[in-house]
Amino acid sequence: MKNILLVAANSDIAKSLIDLLLNKSENKFNIFAAYRRNLPQKKEAFTPVILDLCDDNSFFTLEEQIKNIKFDAVVNFAGVAITSPVSKLNSDDLNLQFNVSTVGLARLLRFIYPHLDKNSKVINISSMASFGVFPFISPYCAAKAAADILLNSFEIETGIPCVSIKPGVVGTKFWQYCINLNEGNFKNFDGEYENIGKFLLQNAKKNASKGVSPFDVAKVILKAIEARHPKSSYLIGKDAYFASLARFIPKKFLNKIIRYTLNRRVRKSIKNEQ
């Protein structure tokens, strides 16, 4: 059986992937699912473990449970999304974003390396935000882009295949979680950004019920796990493909397009409320 480690396994995408792995007719996957708290019940081919990417001591505890285990694939789902205008961004919030999405990934790679070999795979759930074209969630964009760089360097240095999964909007509880997380940041949109702040909040609420399904993303992850030679990056959803095109557009022109499009959507949103 193949040993799979899933980090932040409480996410909706991770839950869909667990269902896919456990329901494979060949029954060839042995799953270690890591949670920060509230472990589900252990069952055949499914072992829940505690892991907090932001706590070094948590890794020492996990090591006791996975001694001498080699993993065929490690999938990291951990993530948060901080929103704020850059001009009002709090350094503590920025540190939180990078601690989870980037430093947390670095901790995981350092810890898990002895449990991997050249046939293993490391898969990180990134985002179309890693292309850096979304204003007001720049901490999220920057942390995801930095994580991609770390992941790519890890592959070059170790020869272990690494995969960045880049979905567009996915309909999950992640959006409501981030709304709650950013509750204190809503004041950053007072004044000149007030209408944009209202629009972003409404849009986040809508995203929870639109976009691709967690199951669709999980199927792509499973494809990467089973592939003999997985791609370095997988785009999921039309919006992710459109975001990827930003790499080929001159920055000044691209910024004008983004400003125009955002302002147009904000004006339309205000008009619909009146």
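Residues meeting the salt bridge (Lys or Arg N to Asp or Glu O under 4.0 Å) test with K70, sequence neighbours left out: none.
When all heavy atoms of A14 and A8 are compared, the pair lying nearest together is CB-O, 3.9 Å. Of all the heavy atoms in N124 and A147, the pair that sits closest is ND2-CB, 4.1 Å. When all heavy atoms of R110 and P114 are compared, the pair lying nearest together is O-CD, 3.8 Å. Nearest heavy-atom pair, C178 versus V80, reported as atom, atom and distance to 0.1 Å: SG-C, 4.4 Å. Nearest approach of A204 to W175, heavy atoms of both residues: O-CB, 3.4 Å. For the pair Q65 and I50, the tightest heavy-atom approach, listed with the atom from each and the gap, is NE2-N, 4.4 Å.
By the 30° and 60° cut-offs, the orientation of the rings of F111 relative to H115 is tilted. Ring planes of F32 and F71: perpendicular class, angle over 60° (limits at 30 and 60°).
No donor-acceptor pair under 3.5 Å is formed between the side chain of N195 and the backbone N or O of V266. Distance alone, capped at 3.5 Å, is enough to place a donor-acceptor pair between the N263 side chain and the R259 backbone. A donor-acceptor distance shorter than 3.5 angstrom exists from the side chain of T102 to the backbone of A143, with no hydrogens or angles considered. Judged by distance alone, the side chain of R36 and the main-chain N or O of D52 form no donor-acceptor pair under 3.5 Å. Distance alone, capped at 3.5 Å, is enough to place a donor-acceptor pair between the S209 side chain and the K206 backbone. Counting only distance, with no hydrogens or angles, the side chain of K144 and the backbone of I125 share a donor-acceptor pair below 3.5 Å. S120 places a side-chain N or O within donor-acceptor distance of the main-chain N or O of D117, the cut-off being under 3.5 Å.
S84 and N188 share a side-chain donor-acceptor pair at under 3.5 Å.
Here side-chain hydrogen bond (donor to acceptor under 3.5 Å, both in side chains) pairs that include residues 2-20, with residues two or more places apart or in two chains, are N3-N30, D12-K173.
Taking the side chain as every heavy atom from C-beta outward, L235 and F131 approach each other to under 4.5 Å. Using a 4.5 Å cut-off on side-chain heavy atoms (C-beta onward), L22 and E44 make no contact. The shortest distance between side-chain heavy atoms of L53 and N76 falls below 4.5 Å. By the 4.5 Å heavy-atom criterion applied to side chains, K121 and I225 are not counted as neighbours. Taking 4.5 Å as the limit, every side-chain heavy atom of L20 sits out of range of all side-chain heavy atoms of I221. K42 places a side-chain heavy atom less than 4.5 Å from the side chain of P48. For the pair F29/D72, no side-chain contact is recorded, criterion being any heavy-atom separation below 4.5 Å from C-beta on. The side-chain heavy atoms of M128 and F134, taken from C-beta on, include a pair separated by under 4.5 Å.
The hydrophobic clustering, which links ILVMFWY residues whose side-chain heavy atoms are closer than 4.5 Å, places V169 and L200 apart. If you chain together hydrophobic residues whose side chains sit under 4.5 Å apart, I69 and L51 fall into the same group. In the hydrophobic clustering of ILVMFWY residues, with side-chain heavy atoms under 4.5 Å counting as a link, V49 and L6 come out apart. The cluster map of Ile, Leu, Val, Met, Phe, Trp and Tyr, joined by side-chain heavy atoms under 4.5 Å apart, puts F77 and L105 in different clusters. A continuous path of ILVMFWY side-chain contacts below 4.5 Å connects Y234 to L21, so both sit in one hydrophobic cluster.
A salt bridge is absent between K223 and E226: the closest approach of a Lys/Arg side-chain nitrogen to an acidic carboxylate oxygen does not fall below 4.0 angstrom. Taking the charged nitrogens against the carboxylate oxygens, D93 and K88 have no contact shorter than 4.0 Å, which rules out a salt bridge.
The structure places CD1 of I257 at 7.0 Å from OG1 of T261, a figure rounded to the nearest 0.5 Å. Rounded to the nearest 0.5 Å, atoms CD1 (I137) and CD1 (I82) are 11.0 Å apart. Here CD1 of I66 is found 10.0 Å from CD of E64. Values are rounded to the nearest 0.5 Å. The CD atom of E63 sits 8.0 Å away from the CD1 atom of I112 when rounded to the nearest 0.5 Å. To the nearest 0.5 Å, atom CD1 of residue I236 and atom OG of residue S127 are 10.5 Å apart. Taken to the nearest 0.5 Å, the OH atom of Y177 stands 5.0 Å off from the CG atom of L181.
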Could you walk me through whether F174 and N207 satisfy the side-chain contact (heavy atoms from CB on, under 4.5 Å) test, starting with their C-alpha distance in whole Å, then the side-chain angles of each, then the deciding distance to 0.1 Å, before giving a yes or no? CA-CA 10 Å; F174 177 75; N207 285 343; over 6 Å; no
Step-by-step salt bridge (charged side-chain N to carboxylate O under 4.0 Å, His left out) determination, K219 to D216: CA-CA 5 Å; K219 286 192 293 186; D216 289 334; 3.7 Å; yes
Report, one line per pair, each donor and acceptor closer than 3.5 Å where one atom sits in a side chain of residues 153-166; sequence neighbours left out.
| unit_1 | atom_1 | unit_2 | atom_2 | d |
| --- | --- | --- | --- | --- |
| S153 | OG | I149 | O | 3.2 |
| E155 | OE1 | C162 | N | 2.7 |
| T158 | OG1 | F154 | O | 2.6 |
| T158 | OG1 | I160 | N | 3.1 |
| S164 | OG | D148 | OD1 | 2.8 |
| S164 | OG | K166 | NZ | 2.9 |
| K166 | NZ | D148 | OD2 | 2.9 |
| K166 | NZ | S233 | OG | 3.4 |

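When the shell of 6.0 Å around NZ of K118 is examined, it contains more than 12 heavy atoms from other residues, nucleotides or ligands. Counted within 6.0 Å of NZ on K238, heavy atoms from surrounding residues, nucleotides or ligands total 12 or fewer; the atom is thus considered open. Within 6.0 Å of CZ on F248 lie more than 12 heavy atoms contributed by other residues, nucleotides or ligands.
Aromatic ring centres of F136 and Y193 lie closer together than 6.0 Å.
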